[in-house]
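What follows is a short report on a single structure.
Bear in mind the structure is a predicted one, so any value in this text is a computation, not a measurement. Heavy atoms only: backbone and side chains are in, while hydrogens, waters and symmetry mates are out.
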There are 2 protein chains.
Amino acid sequence: MKFNLSQAEENYLKAIYSIGIDTGKSVNTNQIALKMKTKASSVTDMVKKLSDKGLVEHKKYKGALVTSKGESVAVSTLRSHRLWECFLVDTLEFNWDEVHDIAEQLEHIKSDSLVDRLDQFLNFPSYDPHGDPIPDKNGVIKHHKNVMLSSVEVGASCIVIGVKDSSSSFLKFLDNASICLGKKIKVLKVEDFDQSMQLEIESKVITVSHQISKNLYVKK
Amino acid sequence: MKFNLSQAEENYLKAIYSIGIDTGKSVNTNQIALKMKTKASSVTDMVKKLSDKGLVEHKKYKGALVTSKGESVAVSTLRSHRLWECFLVDTLEFNWDEVHDIAEQLEHIKSDSLVDRLDQFLNFPSYDPHGDPIPDKNGVIKHHKNVMLSSVEVGASCIVIGVKDSSSSFLKFLDNASICLGKKIKVLKVEDFDQSMQLEIESKVITVSHQISKNLYVKK
DNA sequence: TAAAATTTTTAGACAAGTCTAAAAATATTT
DNA sequence: AAATATTTTTAGACTTGTCTAAAAATTTTA
Ligand SMILES: [Mn+2]
Ligand SMILES: [Mn+2]
Ligand SMILES: [Mn+2]
Ligand SMILES: [Mn+2]
């Protein structure tokens with residue numbers, strides 16, 4: 001498929017696709033406006049345009065969903081974004097909290113083979129530096145199971161496999177707490193009052209708020 | 001210095017800077033329009049805008065020249081462009097005729113440290129895949145001496161160090177003729193009528209037009 | 001140096017993407 | 001079910017970068 005979309009169009013499609021994945025339902029104008037940090041009226045304009053191009057399905061006053069064409073654009077933009085993040089962290093040695101804004105630009109570079117060559121150079125990584133799965137060349141994604149640290153029961157251990165929020169401030173907090181992907185965490189206690197958790201990480205004990213624990217993906 | 005320029009502004013500055021370097025004189029509206037593949041009226045608009053921002057010096061009807069501020073933008077864009085071309089050829093193994101259009105996009109990525117990290121990863125290359133010098137972090141460029149193959153006398157030998165035209169069609173021609181950077185060429189004969197040259201390259205003899213020989217930089 | 005040719009600028013228009021303010025539709029409360 | 005609140009769309013405006021056509025300035029030619 002050969003689309004020629006602007007960066008704005010690609011960004012909107014990514015936003016609509018990812019909100020749609022999260023919620024399963026049709027995506028509201030205001031949700032898109034929130035994610036895109038823009039006004040509802042701008043969203044309406046763009047949704048109309050994407051609808052004209054057959055990239056989203058839109059019913060007036062009822063929200064939008066990406067079509068399969070729109071999904072393929074969104075997924076390939078995500079693939080590009082995540083591969084560039086790998087490159088920035090693994091090859092150029094950026095910290096994981098520094099790469100999002102740069103990847104946000106790099107994901108829009110137009111080239112038939114650039115992303116595939118990058119993929120090959122990086123040895124076909126499955127996950128980006130924040131634990132998000134990287135779609136393959138054909139757009140196939142291995143979604144992970146969405147187990148949050150906050151839902152792990154007292155006494156159980158788990159391994160960090162991703163972050164839900166990848167804001168710089170959250171990632172820096174994790175750096176400070178020496179929490180990174182692959183780290184083993186044991187849940188010692190959950191406070192009834194505010195659901196803060198006492199954790200054992202490498203024989204050190206720390207306490208984290210619910211806000212923190214519900215933004216960490218874990219397995220096992 | 002902290003400018004926040006659009007891609008269009010950066011491209012115009014590169015164009016005005018490089019025409020200015022070639023000719024030494026003030027750069028005409030039509031020359032810029034030709035290089036930018038746009039209309040003279042669009043150039044006038046943009047030059048006015050760049051002039052308002054102190055990036056070019058413009059006298060009505062008399063052409064434009066980059067200021068030192070404008071030069072520093074142009075040079076840092078060139079640096080970015082050429083480093084990305086190195087990356088594409090050396091790291092991602094693109095052919096030298098495939099990289100210009102991609103670098104034309106990559107050069108505009110905004111980041112404080114991206115280009116410097118790329119420079120380091122590539123081990124501070126001095127020249128891009130077409131033999132063009134790469135400005136250092138401080139904007140210092142080692143211009144090479146602009147000796148064209150066409151000016152080499154009969155009987156003399158030289159080494160290819162760059163191409164003037166880096167269009168895909170020229171580069172593909174060179175690939176076919178097994179001419180690449182570093183290759184040794186001996187001039188066997190120059191035809192009086194059309195200045196075509198008979199060359200010896202790795203004990204093979206080929207004939208090239210003046211068009212070709214005046215687009216190859218050589219040394220020695 | 002006056003006429004002709006060329007170059008450059010201005011004037012006015014358009015597309016993309018955004019915004020504010022107001023109108024219309026939908027959802028929630030009473 | 002009517003009134004109220006919220007969400008969404010429309011209307012109109014603005015910015016950036018482009019274009020065509022016409023006017024103005026400069027350069028070349030005679
Ligand atoms: Mn990111
Ligand atoms: Mn990521
Ligand atoms: Mn180039
Ligand atoms: Mn080059």
Response to the item:
Here the distance between atom C1' of D/dT8 and atom CD of A/Gln31, to the nearest Å, is 13 Å
Practice prompt. Let me know the distance between NZ of A/Lys39 and P of C/dT20, rounded to the nearest Å.
Written response: 4 Å
Item to complete: Calculate the interatomic distance between B/Lys48 atom NZ and C/dT8 atom C1'; express it in whole Å.
Response: 10 Å
Practice prompt. Tell me, please, whether B/Tyr127 has B/Arg82 positioned over its six-membered ring: NZ or CZ under 6.0 Å from the ring centre and within 45 degrees of its axis?
Written response: no
Item to complete: Figure out the CG/P separation between B/Leu34 and C/dT8, and round it to whole Å.
Response: 12 Å
Practice prompt. Please state whether the phosphate of D/dA24, meaning OP1 or OP2, lies under 4.0 angstrom from any side-chain nitrogen or oxygen of B/Lys60.
Written response: no
Practice prompt. Find the distance B/Asn30:CG to D/dA25:C1' and express it as a whole number of Å.
Written response: 14 Å
Discussion item. I need the CG-P distance between B/Asp52 and D/dT16, as an integer number of Å.
Written reply: 11 Å
Practice prompt. Could you check which of C/dT9, D/dT18, C/dT10 has an atom nearest any side-chain atom of B/Ser42?
Written response: D/dT18
Worksheet item: Between C/dT18 and A/Tyr12, is there an OP1 or OP2 to side-chain N/O distance shorter than 4.0 Å?
Response: yes
Worksheet item: So, B/His108 and B/Asn11: side-chain donor and acceptor under 3.5 Å apart, yes or no?
Response: yes
Discussion item. With a cut-off of less than 4.0 Å, is there a side-chain N or O of A/His58 near OP1 or OP2 of D/dT8?
Written reply: no
Worksheet item: In terms of the nearest nucleotide of DNA chain C, which residue is placed more toward the 5' end: B/Ala40 or A/Met36?
Response: B/Ala40
Item to complete: Pick base, sugar-phosphate or nothing for B/Thr29, based on heavy-atom distances below 4.0 Å to the nucleic acid.
Response: sugar-phosphate
Worksheet, complete the sentence: Whole-Å distance, B/Asn11 CG to D/dT18 C1', equals 14 Å
Worksheet item: Counting side-chain heavy atoms from C-beta on, which of C/dT26, D/dT18, D/dT10 comes nearest to A/Asp45?
Response: D/dT10
Worksheet item: To the side chain of A/Ser41, which of D/dT8, C/dT7, D/dA11 is closest?
Response: D/dA11
Practice prompt. Identify whether the distance between the nearest side-chain nitrogen and carboxylate oxygen of B/Lys14 and B/Glu104 falls below 4.0 Å.
Written response: yes
Item to complete: Would you kindly give the OH-to-P distance between B/Tyr61 and C/dT10, to the nearest whole Å?
Response: 6 Å
Worksheet, complete the sentence: From the candidates D/dA25, D/dT27, D/dT9, the one with an atom nearest any side-chain atom of B/Lys62 is D/dT27
Worksheet item: Between C/dT20, C/dT8, C/dT18, which one does the side chain of B/Asn28 approach most closely?
Response: C/dT8
Practice prompt. May I ask you to evaluate whether B/Lys59 reaches the phosphate of C/dT8, defined as a side-chain N or O under 4.0 Å from OP1 or OP2?
Written response: no
Worksheet item: Ring centroid separation for A/Phe87 and B/Phe87, is it under 6.0 angstrom?
Response: yes
Item to complete: Determine, step by step, whether A/Arg79 and A/Glu107 satisfy the salt bridge (charged side-chain N to carboxylate O under 4.0 Å, His left out) criterion, reporting the C-alpha distance in whole Å, the side-chain angles of both residues, the deciding distance to 0.1 Å, and the verdict.
Response: CA-CA 8 Å; A/Arg79 167 172 157 80; A/Glu107 69 187 5; over 6 Å; no
